[in-house]
Number of protein chains: 2
Amino acid sequence: MLTIKDVAKQANVSEGTVDRVIHNRGGVSKKTEQKILRILQENNFKLNPIASALALKKKYVIATLVPKFDRENVFWESPHMGIMKALSEVESYGIQIKDHSFDQFDTDSYLSEFERILKTRPDVVILVPMFIEQTKEIANRLDHEGIPYMFLNIDLEGLNNICFIGQDSYMGGYVAGKLMCLSLGKGDGCVTVRTRSNITNYHAIYKRMEGFNRYLESSCENKIVNLDLKVDNLNDTGTVKETLEKFLIDNVHIKGIYVPSSRTSVIAECLDVAFHKRVKIIGFDTTPQNIHCMERDQIQFLISQRSFNQGYEAVRTMSDYLIHRKTPVKRIYSPIQIIMKENLAYNDRNKLSFQSENAKVG
Amino acid sequence: MLTIKDVAKQANVSEGTVDRVIHNRGGVSKKTEQKILRILQENNFKLNPIASALALKKKYVIATLVPKFDRENVFWESPHMGIMKALSEVESYGIQIKDHSFDQFDTDSYLSEFERILKTRPDVVILVPMFIEQTKEIANRLDHEGIPYMFLNIDLEGLNNICFIGQDSYMGGYVAGKLMCLSLGKGDGCVTVRTRSNITNYHAIYKRMEGFNRYLESSCENKIVNLDLKVDNLNDTGTVKETLEKFLIDNVHIKGIYVPSSRTSVIAECLDVAFHKRVKIIGFDTTPQNIHCMERDQIQFLISQRSFNQGYEAVRTMSDYLIHRKTPVKRIYSPIQIIMKENLAYNDRNKLSFQSENAKVG
DNA sequence: ATAAAAAGTGTGTGCGTACACGAAAATCTG
DNA sequence: CAGATTTTCGTGTACGCACACACTTTTTAT
């Protein structure tokens, strides 16, 4: 492998001059520059990224703004772990992460946590744009301050984010629709369970419903009819159970339940065995609770989005952007994974191995 | 971040001594060692992997032995690209790759290429154990020479490989069985297409058939019967078409075709439109040809295994093993991905982005 | 006291980065 | 046009951190 020293020797200049040519720092005569560039190209010179990283003592700060996770809402733990995994890989390149979290049901906490971020003046921000209006405001401020930002998991259009990493929600719903059609027979129907508490994260949920309905209308041979059931509060399992079972008793042709959110397990767990024999549940994301239900045959399909990887890639992408000035593509779509009991165990190995690594340390 | 220098200062010894404690090189009195270890632990000291990599000028050679790919058998291109992608990431750590390939229908080329590998005396070998008997011989030789080796994509039991990376073929078939059941109705049947030319790669194919049959027997409500159809030579599309269409005409209840190999497209492409309306095809791997068929609704499902990632992870795992002495887990299972037309586009982004990166350069 | 083994030190190396500084050329001043 | 000043071009080198080998000092055995 050719080194800067070698190039310098060949060009009869010093290492410093070669370095300045490589990084376009100026202060080199055109003649020398051409000569050096020629040597670089002819030998297909590549910087040794290791040595480069070591010498580069510049520090970068990435701020993250991601919803809190807790026992009830565990989904966001996974991207957060991905972020931490990526951090462990890039921190020796001078990348620091200041992670901030907010209550996904409270716009104020979203904004106030953002204010804190601004004060620390990070180099870039990775955020989950949970609320539309507030995000517009935030984006505006960031544009004004000249701080680049990327959206994680949720996509909002018309803003100047340099990148989005996440699933195409519409197609996620579309795939769910196909799976529902496959699972049901002629004359069967299904129901979409909507929760008021999820209106905050309206965009993704809405797109998932839209895609689902579109498939049912356009491509389903059996002409399956999809009804709508509103549930007020998912934490009040008693009422959920009551509402749902009453609905199922009133509508005997319903053989499928579609839950366009990651809290599918709440629906699955409140149903009695008899109903599980009758209805297939299709939902989203492989949270521990959902996995638990799936293992016990209470959930038929989950559409998963490698959320661990989303966090991981977000940080890696931003690090590349900061260190190597590599502008990312505008949208990085996560795969639409179809998870069922039989392939569940082979999913998300990255996350699992990261967990066990950390377990060893702690 | 604490450095070796800091630790040395704290412990009143030189950097060299700290280094020897960290790497257990010996030559340090117990007293000093304890003192240093205490400081390391208390401050949760971690080596700077960047500096470490730079200082370590040891070179490692990884030899790979993977089937050739060409227009007819394009599957193996994908793991090979993964290998190259990983190489680009680790070559500055002193990792070199000598890649060797063999004809997957010719045991002699397998063995002779292996002989060449042995002569170069690599530090480790990554190989696709395509032939059982010959692989036993190879494994023996490697054991004898003390060269560690790992299996890629195909698993053979009872040998001393330090690791296997690939799919659980049995479960892959099992999942295919479930998808077949979902796709067919009561009274329908399906057929498994076997090719003689694939007997070489007997193991994986066999396991896929086994898993498929097991699902049909044990868990399929509709009691779908699976027949067997042998096809001599997949390259002779005329005969394949004839055999297959005759079979389908003779067995009108057959509504599904199961192809337990990556050359699913060959079957799909030889069928006339009329048959495509009637039968659903389920196969393996997202080769360009298979993708092409799927986009045109000629293939219903593909079980995919992230083969690009298999190659990638194989090299990364071995690099970790060589550089950090990190012993890998015995089996690293790839996900069992369910691919259909609707989620096809979101699959294997890694591979695509690697392709486009290389396109820019070339 | 001397040899031998053990313990510990000092330093050059890997490679790119960036700054302080030197040299040469170009521009300006009277 | 001599001399001073600025600009342009280029050099030299300390630094980041771990590694490993040659070397010196201390301890132990003889």
Side-chain angles (χ1 to χ4, degrees), chain A residues 1-37 39-40 43-60 89-96 322-325, chain B residues 1-40 43-60 89-96 320 322-325:
Chain A
M1 254 189 180
L2 206 69
T3 72
I4 282 196
K5 205 179 248 164
D6 300 328
V7 176
K9 220 173 280 169
Q10 271 196 51
N12 265 321
V13 294
S14 80
E15 301 170 40
T17 308
V18 177
D19 182 65
R20 281 188 349 276
V21 170
I22 291 173
H23 294 92
N24 246 319
R25 264 195 267 279
V28 181
S29 69
K30 265 177 203 135
K31 219 181 77 189
T32 332
E33 188 176 5
Q34 285 308 315
K35 189 159 116 195
I36 292 175
L37 280 176
I39 296 175
L40 292 178
N43 301 67
N44 188 23
F45 176 84
K46 293 235 172 67
L47 275 177
N48 181 334
I50 301 292
S52 183
L54 183 62
L56 215 46
K57 337 152 211 251
K58 182 144 179 43
K59 302 279 175 242
Y60 296 104
E89 288 182 16
V90 297
E91 67 182 340
S92 43
Y93 290 85
I95 302 276
Q96 289 183 340
L322 290 169
I323 300 170
H324 307 120
R325 274 143 227 218
Chain B
M1 253 188 182
L2 205 70
T3 70
I4 283 195
K5 205 179 249 166
D6 300 328
V7 176
K9 220 174 279 167
Q10 269 196 52
N12 264 320
V13 294
S14 79
E15 300 170 41
T17 307
V18 177
D19 181 66
R20 284 193 340 280
V21 170
I22 290 173
H23 295 93
N24 248 319
R25 265 194 266 281
V28 182
S29 67
K30 263 172 205 144
K31 221 180 76 187
T32 332
E33 188 176 7
Q34 285 307 317
K35 189 159 118 196
I36 292 173
L37 280 175
R38 207 174 41 73
I39 296 174
L40 293 178
N43 301 65
N44 189 23
F45 174 85
K46 293 233 174 67
L47 274 177
N48 181 332
I50 301 292
S52 185
L54 182 61
L56 213 47
K57 25 204 154 201
K58 180 140 181 46
K59 302 280 177 241
Y60 296 103
E89 287 181 18
V90 298
E91 67 182 340
S92 44
Y93 289 86
I95 302 277
Q96 289 183 341
D320 260 12
L322 290 170
I323 299 170
H324 306 120
R325 273 143 229 218

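Just so you know, these numbers come straight off a predicted model, no measurement behind them. All chains are named by letter (A, B, ...) in the order of the sequence lines, taking the proteins before the strands, and each is independently numbered beginning at 1.
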Interatomic distance where [atom1] belongs to [X] and [atom2] belongs to [N] [whole Å]:
X: B:K5; N: D:dC19; atom1: NZ; atom2: C1'; answer: 13 Å
X: A:Y93; N: C:dT17; atom1: OH; atom2: P; answer: 13 Å
X: A:H324; N: C:dG16; atom1: NE2; atom2: C1'; answer: 12 Å
X: B:I4; N: D:dA20; atom1: CD1; atom2: P; answer: 10 Å
X: A:L56; N: D:dG16; atom1: CG; atom2: C1'; answer: 10 Å
X: B:R25; N: D:dA20; atom1: CZ; atom2: C1'; answer: 6 Å
X: B:K46; N: D:dA18; atom1: NZ; atom2: P; answer: 13 Å
X: A:K9; N: C:dG16; atom1: NZ; atom2: C1'; answer: 15 Å

Straight-line distance of [X] [atom1] to [Y] [atom2], nearest 0.5 Å:
X: B:K30; Y: B:T32; atom1: NZ; atom2: OG1; answer: 11.5 Å
X: B:R25; Y: B:D19; atom1: CZ; atom2: CG; answer: 4.5 Å
X: A:L54; Y: A:Y93; atom1: CG; atom2: OH; answer: 10.5 Å
X: A:K9; Y: A:T3; atom1: NZ; atom2: OG1; answer: 7.5 Å

Give the intermediate values and the outcome of side chain to side chain contact (heavy atoms under 4.5 Å, CB included) for residues A:I323 and A:I95. CA-CA 9 Å; A:I323 300 170; A:I95 302 276; 4.1 Å; yes
A:F45 and side-chain contact (heavy atoms from CB on, under 4.5 Å): which single residue from A:D6, A:I36, A:I39, A:I22 fits?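 When A:D6, A:I36, A:I39, A:I22 are each tested with A:F45, the side-chain contact (heavy atoms from CB on, under 4.5 Å) holds only for A:I22.
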Let's go through A:E33 and A:N24 carefully: what are the C-alpha distance in whole Å and the side-chain angles of both, what is the deciding distance for side chain to side chain contact (heavy atoms under 4.5 Å, CB included) to 0.1 Å, and is it a yes or a no? CA-CA 10 Å; A:E33 188 176 5; A:N24 246 319; 4.2 Å; yes
Protein heavy-atom contacts under 4.0 Å, written 5' to 3' over nucleotides 24-30 of chain D as B (base), S (sugar-phosphate only) or - (none), form the string -------
With B:N48, which residues qualify under side chain to side chain donor-acceptor pair (under 3.5 Å), at least two apart?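 Partners of B:N48 under the side chain to side chain donor-acceptor pair (under 3.5 Å) test: none.
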Can you list everything that forms a side chain to side chain donor-acceptor pair (under 3.5 Å) with B:E91? Sequence neighbours excluded, please.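 Not a single residue meets the side chain to side chain donor-acceptor pair (under 3.5 Å) criterion with B:E91.
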Please step through side chain to side chain contact (heavy atoms under 4.5 Å, CB included) for the pair B:K58 and B:L322, ending with a clear verdict. CA-CA 10 Å; B:K58 180 140 181 46; B:L322 290 170; over 6 Å; no
Which residues in residues 48-55 of chain A have a heavy atom closer than 4.0 Å to any atom of DNA chain D?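 Those residues are A:A51, A:L54, A:A55.
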Between B:H23 and B:L47, is the side chain to side chain contact (heavy atoms under 4.5 Å, CB included) condition met? List the steps. CA-CA 11 Å; B:H23 295 93; B:L47 274 177; 4.0 Å; yes
Between the protein and nucleotides 8-12 of chain D, which nitrogen or oxygen pairs come in under 3.5 angstrom?
from, atom 1, to, atom 2, distance (Å)
D:dG10, OP1, A:S29, OG, 3.1
D:dG10, OP1, A:T32, OG1, 2.5
D:dG10, OP2, A:S29, N, 2.7
D:dG10, OP2, A:S29, OG, 3.2
D:dG10, OP2, A:T32, OG1, 3.2
D:dG10, N7, A:R20, NH2, 2.9
D:dT11, OP2, A:S14, N, 2.9
D:dT11, OP2, A:S14, OG, 3.4
D:dT11, OP2, A:T17, OG1, 2.7

Have a look at B:I22 and say if it touches a base, only the backbone sugar-phosphate, or nothing, with a 4.0 Å heavy-atom cut-off.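 Contact class for B:I22: none.
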Can you tell if the side chain of A:V7 reaches within under 4.5 Å of the side chain of A:N43, non-hydrogen atoms only?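 They are not in contact (no side-chain heavy atoms under 4.5 Å apart), so the answer is no.
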What bend angle does the helix from C:dA1-D:dT30 to C:dG30-D:dC1 show across its length, from five-pair end axes and to the nearest 10 degrees?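 What I find for the helix from C:dA1-D:dT30 to C:dG30-D:dC1 is an axis angle of 50°.
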B:R20 side-chain N/O to B:V28 backbone N/O, donor-acceptor pair under 3.5 Å: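 No; judged by distance alone, with no hydrogens or angles, the pair does not exist.
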A:S92 versus B:P49, closest heavy-atom pair with distance: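 Closest pair (atom of A:S92, atom of B:P49, distance): OG-CG, 3.5 Å.
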